[in-house]
Amino acid sequence: MPRLAVALRALALPVAALLAIAPSTPAHAKPEPKAPKEFVALGDVDPTIRQEIRYFTPHNFTGDPVDGYRRPMCVLTRPAAEALHRAQRQLLRRGYTLKVYDCYRPQRAVNDFVEWAKDLDDQRMKDEFYPRVDKSRLFEDGYIAGKSGHSRGSTVDLTIVPLPALPTRPYVPGEKLAPCYAAKEDRFPDNSVDMGTGYDCFDTLSHTLDPRITGAQRANRLLLKSALEQRGFVNLAEEWWHYTYQPEPFPDTYFDFPVARRSLTG
């Protein structure tokens, strides 16, 4: 068919047909929520505090990086971050440093935990994180919930590391797992002091003052507890690593901005 005839035939197509063959315009993505100005990166307040943000990695009870963690960084409300800085100064004088595992946690990450807990077939990390707990009981026993104080921005999971702080080797997905309550030399290596269990251990041995935790392990838990309570933090009795700064700037708000530098407005 001559080119002129082809062009005329195209002009005769109805408008709907022409729109159907035209390239579509991509819809604008919904902008991500931002943090209020009261939130800061802990590293900007105190760069000496170690950060090992577990949910950015697959080394956590789900076995996968968790939704909402775009960067391995600790984000907190400024009062909580400044209180950690004061606790860190005290511990540095004693030859220790704080190390944070998790800080602000977006609601989407909590939702990710809930969906994982509902999938009873996914038990990849059971041997380390919940060896003595049936996964079907994680909600009933209080290990997983639909809301977390971390999403309010003033709660932190952390430990103490002796100086000089040696590096912790990375987790290799699929490697053989050891129970989180095993002896320190047998469980996954961590450069922290011995707290009696690993981080995020779904077990009653993780209760801060469990009477079975004695000697140096108990002393280490009490050292962390004392250093943080002096700076306004309150411990969750069921988790030796879990502390919330009081008073919280946002006691009733659960945020969902991603953990990322670009989320911070300051």
Side-chain angles (χ1 to χ4, degrees), residues 52-70 72 99-152 155-159 168-190 192 194-213 217 221 235-244 254-256 258-259:
E52 186 182 315
I53 307 302
R54 287 285 188 88
Y55 299 138
F56 180 76
T57 78
H59 189 213
N60 62 73
F61 56 83
T62 75
D64 293 307
V66 177
D67 190 19
Y69 288 82
R70 307 284 176 79
K99 180 175 76 169
V100 296
Y101 294 115
D102 191 38
C103 301
Y104 159 74
R105 180 184 305 164
Q107 181 61 44
R108 68 191 71 184
V110 179
N111 297 343
D112 204 3
F113 292 166
V114 169
E115 292 306 309
W116 166 82
K118 291 177 180 177
D119 182 3
L120 300 183
D121 292 329
D122 184 355
Q123 309 240 359
R124 286 172 291 163
M125 306 301 286
K126 177 177 175 60
D127 288 348
E128 179 173 353
F129 292 96
Y130 53 107
R132 294 194 284 218
V133 179
D134 191 291
K135 191 176 181 182
S136 65
R137 294 187 54 87
L138 292 181
F139 291 106
E140 184 177 352
D141 290 351
Y143 293 112
I144 301 293
K147 293 289 185 181
S148 170
H150 282 273
S151 301
R152 302 193 298 261
T155 294
V156 59
D157 293 342
L158 74 175
T159 190
T168 297
R169 74 164 177 85
Y171 164 74
V172 179
E175 70 174 85
K176 182 176 175 57
L177 302 176
C180 54
Y181 52 74
K184 182 173 174 61
E185 60 270 18
D186 295 328
R187 60 182 183 258
F188 187 86
D190 194 312
S192 71
D194 187 3
M195 293 291 192
T197 76
Y199 168 58
D200 257 358
C201 187
F202 294 1
D203 196 276
T204 55
L205 278 174
S206 294
H207 293 188
T208 306
L209 300 179
D210 188 286
R212 294 168 293 176
I213 301 297
Q217 297 172 341
R221 291 188 183 190
N235 175 238
L236 178 66
E238 291 77 19
E239 297 176 353
W240 60 256
W241 55 82
H242 181 119
Y243 286 83
T244 299
Y254 296 83
F255 295 98
D256 192 39
V259 177

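This structure is a prediction, so every number in the text was calculated from the model and none was measured.
- With H150 contributing its side chain and C103 its backbone, the two residues share a donor-acceptor pair below 3.5 Å.
- At least one donor-acceptor pair closer than 3.5 Å links the side chain of Q107 to the backbone N or O of G146.
- Distance CG/L209 to CZ/R212: 13.0 Å, rounded to 0.5 Å.
- The closest side-chain donor-acceptor pair between Y69 and D112, if any, does not fall under 3.5 angstrom.
- Between F139 and V114 there is a side-chain heavy-atom pair separated by less than 4.5 Å.
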message: For a side-chain contact (heavy atoms from CB on, under 4.5 Å) check, start with the C-alpha distance between T197 and D203, then their side-chain angles and the critical distance, and finish with the verdict.
response: CA-CA 9 Å; T197 76; D203 196 276; 5.8 Å; no
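- Contact detail for P189 and T168: the closest heavy-atom pair is O-CG2, 3.3 Å.
- Counting heavy atoms from C-beta on, the side chains of P258 and R108 come closer than 4.5 Å.
- Classified by interplanar angle (parallel below 30°, tilted 30° to 60°, perpendicular above 60°), the ring pair Y55/F61 is perpendicular.
- Note that the CD atom of E175 and the CG atom of L177 stand 6.5 Å from one another [nearest 0.5 Å].
- The shortest side-chain heavy-atom distance between Y254 and R152 falls under the 4.5 Å cut-off.
- The distance from the CZ atom of F56 to the CZ atom of R70 is 11.0 Å, given to the nearest 0.5 Å.
- One finds the OG atom of S192 at 8.5 Å from the CD atom of E52 (value rounded to the nearest 0.5 Å).
- Interatomic distance, T204 OG1 to D210 CG, rounded to the nearest 0.5 Å: 5.5 Å.
- Note on R54 versus D157: no salt bridge recorded, every NZ/NE/NH1/NH2 to OD/OE distance being 4.0 Å or above.
- W116 is listed as a side-chain neighbour of I144, based on a closest heavy-atom distance under 4.5 Å.
- Under the 3.5 Å distance criterion, with hydrogens and angles disregarded, no donor-acceptor pair is assigned to the side chains of D64 and T62.
- Here the side chains of R187 and D194 are in contact, with some heavy-atom distance below 4.5 Å.
- For K147 (side chain) and V110 (main-chain N/O), no donor-acceptor pair under 3.5 Å exists by modelled atom type.
- Summarising the geometry of Q123 relative to Y130, their closest heavy-atom pair is CA-OH, 3.5 Å, with the distance given to 0.1 Å.
- The shortest heavy-atom contact between A182 and D186 is CB-CB, 4.1 Å.
- Within the 4.5 Å cutoff, no side-chain heavy atoms of L205 are placed close to those of Q217.
- Counting only distance, with no hydrogens or angles, the side chain of E239 and the backbone of L236 share no donor-acceptor pair below 3.5 Å.
- For the pair D102/W241, no side-chain contact is recorded, criterion being any heavy-atom separation below 4.5 Å from C-beta on.
- Residues P72 and I53 come closest through the heavy atom pair C-CG1, 3.5 Å.
- At least one donor-acceptor pair closer than 3.5 Å links the side chain of N235 to the backbone N or O of H242.
- Judged purely by atom type and a 3.5 angstrom limit, K135 uses its side chain to pair as donor or acceptor with the backbone of D122.
- By the 4.5 Å heavy-atom criterion applied to side chains, K99 and D190 are counted as neighbours.
- Taking every heavy atom of both residues into account, G198 and C201 meet most closely at O-CB, 3.4 Å.
- Taking each heavy atom of C180 and P131 in turn, the nearest pair found is SG-CD, 4.3 Å.
- Ring-centre distance between H59 and F129: below the 6.0 Å cut-off.
- Side-chain N or O atoms of R221 include one that pairs as donor or acceptor with a backbone N or O of M195 at under 3.5 Å.
- A distance of 8.0 Å separates OG1 of T208 from CD of E238, quoted to the nearest 0.5 Å.
- A parallel orientation is assigned to the rings of F202 and Y143, their planes being inclined by less than 30° (bins at 30° and 60°).
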